[in-house]
Number of protein chains: 2
Amino acid sequence: MRRMTARPANAHQARLLRLLRDGGPNSRAQLGDQVDLSRSKLAVEVDRLLETDLVVADGLAASRGGRRSHNIRLNPHLRFLGVDIGATSVDVAVTNAELEILGHINQPMDVREGPVAVFEQVLAMAAKLKASGLAEGFDGAGIGVPGPVRFPEGIPVAPPIMPGWDGFPVREALSQDLGCPVMVDNDVNLMAMGEQHAGVARTVADFLCVKIGTGIGCGIVVGGEVYRGTTGSAGDIGHIQAVPDGRPCACGNRGCLEAHFSGAALARDAMEAAEQRLSAELAGRLEANGTLSAVDVAAAAAAGDATALDLIREGGNRTGQVIAGLVSFFNPGLVVIGGGVTGLGHTLLAAIRTQVYRGSLPLATGNLPIVLGELGPTAGVIGAARLISDHLFSPA
Amino acid sequence: MRRMTARPANAHQARLLRLLRDGGPNSRAQLGDQVDLSRSKLAVEVDRLLETDLVVADGLAASRGGRRSHNIRLNPHLRFLGVDIGATSVDVAVTNAELEILGHINQPMDVREGPVAVFEQVLAMAAKLKASGLAEGFDGAGIGVPGPVRFPEGIPVAPPIMPGWDGFPVREALSQDLGCPVMVDNDVNLMAMGEQHAGVARTVADFLCVKIGTGIGCGIVVGGEVYRGTTGSAGDIGHIQAVPDGRPCACGNRGCLEAHFSGAALARDAMEAAEQRLSAELAGRLEANGTLSAVDVAAAAAAGDATALDLIREGGNRTGQVIAGLVSFFNPGLVVIGGGVTGLGHTLLAAIRTQVYRGSLPLATGNLPIVLGELGPTAGVIGAARLISDHLFSPA
DNA sequence: ACTCCTTTGTCCTGTGAGTGGAAAAAGTAG
DNA sequence: CTACTTTTTCCACTCACAGGACAAAGGAGT
């Protein structure tokens with residue numbers, strides 16, 4: 001099949017495409033109920049969309065008491081590629097136009113190998129998904145990278161954990177390689193968009209999405225739109241000071257949140273505890289694997305290990321204090337906690353909640369849910385697909 | 001003169017009104033350059049605005065090399081009332097439709113006397129301005145109050161420093177008393193709007209406006225629009241923890257920024273220093289007045305008093321640390337410092353700058369100006385006028 | 001099977017917004 | 001006084017869109 005290149009010609013068509021994306025197949029009549037257009041106008045726009053092949057007819061809808069309506073849906077052959085590049089692994093997924101995941105691969109990887117090596121791997125993973133018959137080609141791709149991005153151009157700027165990526169024209173290069181439109185964003189922002197599209201944040205206009213992985217970042221959604229800041233570095237909360245005169249951080253300061261709690265810091269703390277024989281559980285795991293990661297701490301905590309639980313609680317407290325400040329400042333309607341460490345689960349969540357509910361004023365916390373992300377590792381790739389579909393489903 | 005009641009009939013007219021508000025008198029041709037409408041369409045909309053009496057003809061414009069154009073301006077009889085209710089004083093000002101201040105009164109007052117007493121005073125002040133011939137009536141009023149506001153209804157919610165105001169229908173009541181449309185907002189947001197309209201933030205889309213007065217608050221502007229949060233308490237940074245296990249605060253926590261630095265805290269610290277004879281300058285002032293305020297500290301600092309300078313630096317450092325966190329999170333294009341303590345001037349600013357430039361990553365601070373507000377005590381009332389004019393100059 | 005009612009889809013015309021060209025009006029520069 | 005600009009008005013034409021009329025298709029009751 002030839003790839004779709006058509007774009008909606010006007011705001012009405014864009015609106016309809018998004019309704020079909022978010023609501024699945026729909027009858028013309030149901031669409032009419034949602035868009036406040038005259039029936040004639042709606043019919044014209046739907047016909048034009050049918051001509052572009054972006055949407056197709058899909059049989060008859062159930063009767064609502066009278067004549068049955070014809071169903072409309074997004075072309076089932078449309079395919080989006082969602083790529084979520086983490087510090088130590090990549091997720092690549094294929095979705096249909098309704099952003100349902102059809103196939104998903106995760107592979108370990110090191111961003112520090114640089115964009116060329118990483119994209120070689122990403123393209124191979126995409127090819128593998130294609131080969132398994134899930135897609136004949138891609139109509140668009142969304143890419144998440146673990147660092148700040150100059151959004152309009154899709155170029156990473158001064159990313160601390162990705163030396164060699166600074167200024168690399170990710171959007172341009174991948175658009176060439178994949179032969180389709182590409183959008184690039186910070187991985188945390190994509191997680192926020194994912195949770196907004198298909199997760200816990202579906203109905204909230206203003207929320208924060210804190211991602212605790214190798215580092216710590218925060219997606220900011222204002223009025224349903226991701227806020228990226230003046231230079232694309234908004235949400236970079238890993239280097240907020242959490243402990244006065246605390247541990248030295250790679251950024252040159254002391255006491256950064258990220259230095260005290262993150263996947264990397266947690267692994268270091270666990271190793272230290274194991275070596276000092278504070279925890280038999282952790283020491284055993286260290287002996288078995290030669291190293292420890294956040295996953296080991298999670299497992300130890302699940303097994304009831306006091307040291308591991310303490311580490312998690314301690315980190316949750318630090319994180320919660322920072323989030324409490326952000327809640328006072330931003331007054332969100334929801335806080336989502338996600339990222340690799342969600343395996344730490346409710347111990348972590350409880351610590352964060354305690355600090356936030358204690359440290360912020362009641363007016364801000366009174367009706368504030370603080371929850372774990374619903375989508376886990378798929379949040380990023382769903383958000384990536386959402387990013388590119390938002391781009392493609394907007395007036396040309 | 002009968003008061004204006006007309007409102008723009010469509011988005012084009014609203015656009016034109018705002019251009020005339022922000023750019024002053026303008027020729028039709030100049031307007032045409034700015035709005036991307038055909039000449040015919042523009043002529044029609046301008047004619048309709050002339051019919052509503054919102055704008056009037058204003059003689060001939062200078063020639064731009066050919067036929068001279070007819071000037072258009074907002075009706076010079078339009079009057080807005082800007083009211084900025086602080087914790088300890090009220091500002092009331094009259095502006096024309098271009099938001100230029102025609103008259104401005106400041107009076108001491110105590111918000112804790114409650115809305116009825118305060119509005120009695122405000123109405124008296126408005127009447128005084130009217131009596132001095134500056135206005136025959138008001139076409140709209142903007143009100144700022146020192147606490148969170150449920151914006152659409154214009155009702156304060158759970159304001160910590162204004163007991164007795166909770167749930168008082170400010171908008172409704174004042175609209176009755178003044179006989180004109182009224183909008184209500186947090187005083188900090190109004191200061192941000194004031195600096196955006198006529199001060200240092202004219203060209204910046206995303207910025208923070210930190211107001212240090214009796215308390216500490218922060219106006220948040222995203223994409224040119226004030227962000228108010230889910231419950232209207234966004235920007236309430238006074239109760240972010242600045243000092244672990246620090247001083248007890250009225251909110252029940254310890255170490256809140258506001259407990260360590262604000263007009264009130266500064267006055268307390270100065271009294272203490274004076275009583276302990278740490279500073280002859282402050283002690284002298286205490287003896288002379290019986291009490292001390294932030295103004296005394298500013299004067300002592302200006303006279304070179306080391307203790308006063310230390311207090312300011314100490315407070316600036318605390319504030320700067322909190323702002324550094326907000327800068328990392330929000331990545332603004334500008335930070336404005338304003339409020340009563342701007343009298344502390346560059347000592348304060350230097351301390352804040354030091355902390356922010358040290359405590360945030362270069363990508364966020366690289367091109368980040370941190371400046372004092374330009375408008376001083378008029379920022380609030382200009383912002384109030386701007387608030388109501390934005391409301392009135394939008395499609396009905 | 002038939003009637004009556006509801007819902008859906010199509011067609012068509014009227015209206016009003018808006019564009020763009022032409023020409024008149026009012027200047028400036030030489 | 002002439003040639004050239006800019007501003008303003010006027011007018012005809014296009015286009016989007018609403019909304020009514022009507023046909024098509026189905027459900028429910030008799």
Side-chain angles (χ1 to χ4, degrees), chain A residues 6-20 23-74 394-396, chain B residues 6-20 23-52 54-74 393-396:
Chain A
R7 290 279 291 277
N10 58 44
H12 298 310
Q13 293 185 16
R15 178 88 197 282
L16 292 171
L17 290 174
R18 291 180 189 209
L19 282 173
L20 290 172
N26 243 301
S27 72
R28 287 163 131 96
Q30 281 176 312
L31 288 175
D33 293 343
Q34 298 173 69
V35 293
D36 194 41
L37 286 176
S38 66
R39 275 178 313 182
S40 12
K41 177 65 178 161
L42 177 67
V44 170
E45 297 298 355
V46 168
D47 285 346
R48 286 186 192 156
L49 284 175
L50 286 168
E51 277 171 28
T52 66
D53 242 22
L54 281 170
V55 309
V56 298
D58 186 42
L60 289 170
S63 168
R64 295 199 292 182
R67 173 178 175 173
R68 293 171 66 190
S69 181
H70 292 271
N71 259 347
I72 297 295
R73 64 177 301 179
L74 288 167
S394 59
Chain B
R7 289 280 290 278
N10 58 44
H12 298 311
Q13 293 185 15
R15 178 89 197 281
L16 291 171
L17 289 174
R18 291 181 190 210
L19 282 173
L20 290 171
N26 244 300
S27 71
R28 290 164 134 93
Q30 283 174 311
L31 289 176
D33 294 343
Q34 299 173 70
V35 292
D36 193 42
L37 286 177
S38 67
R39 289 183 310 270
S40 3
K41 176 65 179 161
L42 177 66
V44 170
E45 297 298 356
V46 169
D47 285 346
R48 287 187 192 156
L49 284 175
L50 285 168
E51 276 172 28
T52 66
L54 281 170
V55 308
V56 298
D58 186 41
L60 289 170
S63 168
R64 292 201 292 182
R67 173 176 174 175
R68 295 172 65 190
S69 178
H70 291 271
N71 259 348
I72 297 297
R73 65 176 302 181
L74 288 167
F393 294 169
S394 59

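None of the values given here were measured: they were computed from a predicted structure. Below, chains carry the letters A, B, ... as their sequence lines are ordered, and counting in each starts from 1.
Side-chain contact between A/V35 and A/L19 is present, with at least one heavy-atom pair separated by less than 4.5 Å. With a 4.5 Å cut-off on side-chain heavy atoms, A/L16 and A/N26 do not count as touching.
Nucleotides of DNA chain D nearest to A/H12 and A/S63 differ in position, and the one nearer the 5' end is that of A/H12. Taking the nucleotide of DNA chain D with the nearest heavy atom to each of A/E45 and B/A43, the more 5' of the two is matched to B/A43.
Every residue was checked against the side chain to side chain donor-acceptor pair (under 3.5 Å) condition with B/R68, not counting sequence neighbours, and none meets it. Listed by chain and number, the residues in a side-chain contact (heavy atoms from CB on, under 4.5 Å) with B/S394 are B/R7, B/R18 (sequence neighbours excluded). Judged as a side-chain contact (heavy atoms from CB on, under 4.5 Å), and not counting sequence neighbours, the contacts of A/V44 are A/R48. Shown here are the side chain to side chain donor-acceptor pair (under 3.5 Å) partners of B/D58, two or more places apart in sequence or in another chain: there are none. Partners of A/A6 under the side-chain contact (heavy atoms from CB on, under 4.5 Å) rule, at least two apart in sequence or in another chain, are A/T52, A/L54. A search for side chain to side chain donor-acceptor pair (under 3.5 Å) contacts involving A/D53 returns nothing, not counting sequence neighbours.
Residue B/R28 contributes atom CZ, which lies 17 Å from atom P of C/dA25 at whole-angstrom precision. Rounded to an integer number of Å, the gap from B/N71 CG to D/dT8 P is 9 Å. Atom CZ of A/R48 is separated from atom P of C/dT10 by 15 Å (rounded to the nearest Å). For B/L42 and C/dA17, the CG to C1' distance is 15 Å, given to the nearest whole Å. Atom pair B/D47:CG and D/dC10:P shows a separation of 9 Å (rounding to whole Å applied). For A/H70 and C/dT8, the NE2 to C1' distance is 8 Å, given to the nearest whole Å. Protein atom CG of B/N10 is 10 Å distant from nucleotide atom C1' of C/dA17, rounded to whole Å. Spacing between atom CG of A/L60 and atom C1' of C/dT7 amounts to 13 Å, rounded to whole angstrom units.
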What protein N or O atoms touch nucleotides 1-6 of chain D N or O atoms at under 3.5 angstrom, if any, and at what distances?
residue, atom, partner, partner atom, Å
D/dT6, O2, B/R67, N, 3.2

Restricting both atoms to N or O, compile the protein contacts to nucleotides 18-21 of chain D shorter than 3.5 Å, with distance only.
residue, atom, partner, partner atom, Å
D/dA18, OP2, A/S38, N, 3.2
D/dA18, OP2, A/S38, OG, 2.7
D/dG19, N7, A/S40, OG, 3.3
D/dG19, O6, A/S40, OG, 2.6

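Among residues at least two apart or in separate chains, side-chain hydrogen bond (donor to acceptor under 3.5 Å, both in side chains) pairs with a member in residues 31-40 of chain B are B/D33-B/R64.
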